[in-house]
Amino acid sequence: EVQLVESGGGLVQAGGSLRLSCAVSGLPSNAYTLSWFRQAPGKEREGVSCISGSAGSTSYTDAVKGRFTISTDDAKNTVYLQMNRLKPEDTAVYYCAADAGPLCYFVTSIYDYWGQGTQVTVSS
């Protein structure tokens, strides 16, 4: 019933921008924390950004702070990740995830639902 479907990934040159979207449907409530994670080949999945279900506050991992922006529409039907000044090290599969808790945590095990991922490749 719950679906998280990412889109917007692709190939971009270093310094360029992409906007990822995650279409959200079927969540038991509209108060879920929504997050973006990414996973590069051979690496652990890591948190990138999240927007809290309690107050809409946002958090970012240091590697993307100042370059990426997370947002949602009013109904939380879509969560976005605007990625600017992309770097080759941003190359990864990006996943959106939903957690019933009210606060942001970059811990994969607490998230209840995951999307299928979308590939982002940044060339130099």
Quiz item: Would a 4.5 Å heavy-atom cut-off, applied to side chains only, mark Val24 and Tyr113 as touching?
Solution: no
Quiz item: How long is the gap from CG on Asp99 to CD1 on Ile110, to the nearest 0.5 Å?
Solution: 4.0 Å
Quiz item: Can you tell if the side chain of Leu20 reaches within under 4.5 Å of the side chain of Trp36, non-hydrogen atoms only?
Solution: yes
Practice problem: Evaluate the side-chain proximity of Val5 to Gln116: yes if any heavy-atom separation is below 4.5 Å, no if none is. | Solution: yes
Quiz item: Looking only at heavy atoms, which two atoms of Leu4 and Ala97 are closest? And how far apart?
Solution: CD1-CA, 3.8 Å
Practice problem: First locate atom OG of Ser123, then atom CD of Gln13, and finally report the distance between them rounded to the nearest 0.5 Å. | Solution: 5.0 Å
Quiz item: Given side chains that start at C-beta, do those of Phe68 and Asp90 come closer than 4.5 Å, heavy atoms only?
Solution: yes
Quiz prompt | Atom pair CE (Met83) and OG (Ser49), whose distance is rounded to the nearest 0.5 Å | solution = 11.5 Å
Exercise. Apply side-chain hydrogen bond (donor to acceptor under 3.5 Å, both in side chains) to the pair Arg38 and Tyr94, showing each step before the final yes or no.
Key: CA-CA 4 Å; Arg38 67 186 181 186; Tyr94 284 70; 2.9 Å; yes
Self-check item: Minimum heavy-atom distance between Gly26 and Val2, given as atom pair plus value
Solution: O-CG2, 3.2 Å
Quiz item: How far does CZ of Arg19 sit from OG1 of Thr69, to the nearest 0.5 angstrom?
Solution: 12.0 Å
Quiz item: Is it the case that Arg45 places NZ or CZ above or below the six-membered ring of Tyr95, under 6.0 angstrom from the centre and within 45 degrees of the axis?
Solution: yes
Quiz item: Val93 and Gly117: which non-hydrogen atoms are nearest, and at how many Å?
Solution: CG1-CA, 3.8 Å
Quiz item: Are any non-hydrogen side-chain atoms of Thr33 and Tyr105 less than 4.5 angstrom apart?
Solution: no
Self-check item: Shortest non-hydrogen separation from Phe106 to Ser59 and the atoms involved
Solution: CZ-O, 3.9 Å
Quiz item: Going from CG on Leu34 to OG on Ser52, what distance comes out if it is rounded to the nearest 0.5 angstrom?
Solution: 9.5 Å
Quiz item: So, Arg85 side chain and Gly15 main chain: donor-acceptor pair closer than 3.5 Å or not?
Solution: no
Self-check item: Test side-chain contact (heavy atoms from CB on, under 4.5 Å) applied to Thr91 and Gln119, step by step
Solution: CA-CA 8 Å; Thr91 295; Gln119 177 71 47; 4.0 Å; yes
Quiz prompt | Lys65: partners by salt bridge (Lys or Arg N to Asp or Glu O under 4.0 Å), with sequence neighbours left out | solution = Asp62
Practice problem: Apply ring-ring contact (aromatic ring centres under 6.0 Å, His included) to Phe37 and list each qualifying residue two or more places apart in sequence or on a separate chain. | Solution: Tyr111, Trp114
Quiz item: Which distance, rounded to the nearest 0.5 Å, do you find between the OG1 of Thr72 and the CG of Asn77?
Solution: 9.5 Å
Quiz item: Is there side-chain contact between Gln82 and Ile70, with at least one heavy-atom pair below 4.5 Å?
Solution: no
Exercise. Please step through side-chain contact (heavy atoms from CB on, under 4.5 Å) for the pair Cys22 and Thr78, ending with a clear verdict.
Key: CA-CA 5 Å; Cys22 176; Thr78 309; 5.7 Å; no
Quiz item: Which atom names give the shortest non-hydrogen contact between Ser124 and Ala14, and what distance separates them?
Solution: CA-CB, 4.3 Å
Quiz item: Are the side chains of Leu18 and Leu86 in touch, meaning some heavy atoms are under 4.5 Å apart?
Solution: yes
Quiz prompt | Close side-chain approach of Val48 to Leu81, heavy-atom, < 4.5 Å | solution = yes
Quiz prompt | Linked, directly or transitively: Leu27 and Tyr80 (ILVMFWY side chains, under 4.5 Å) | solution = no
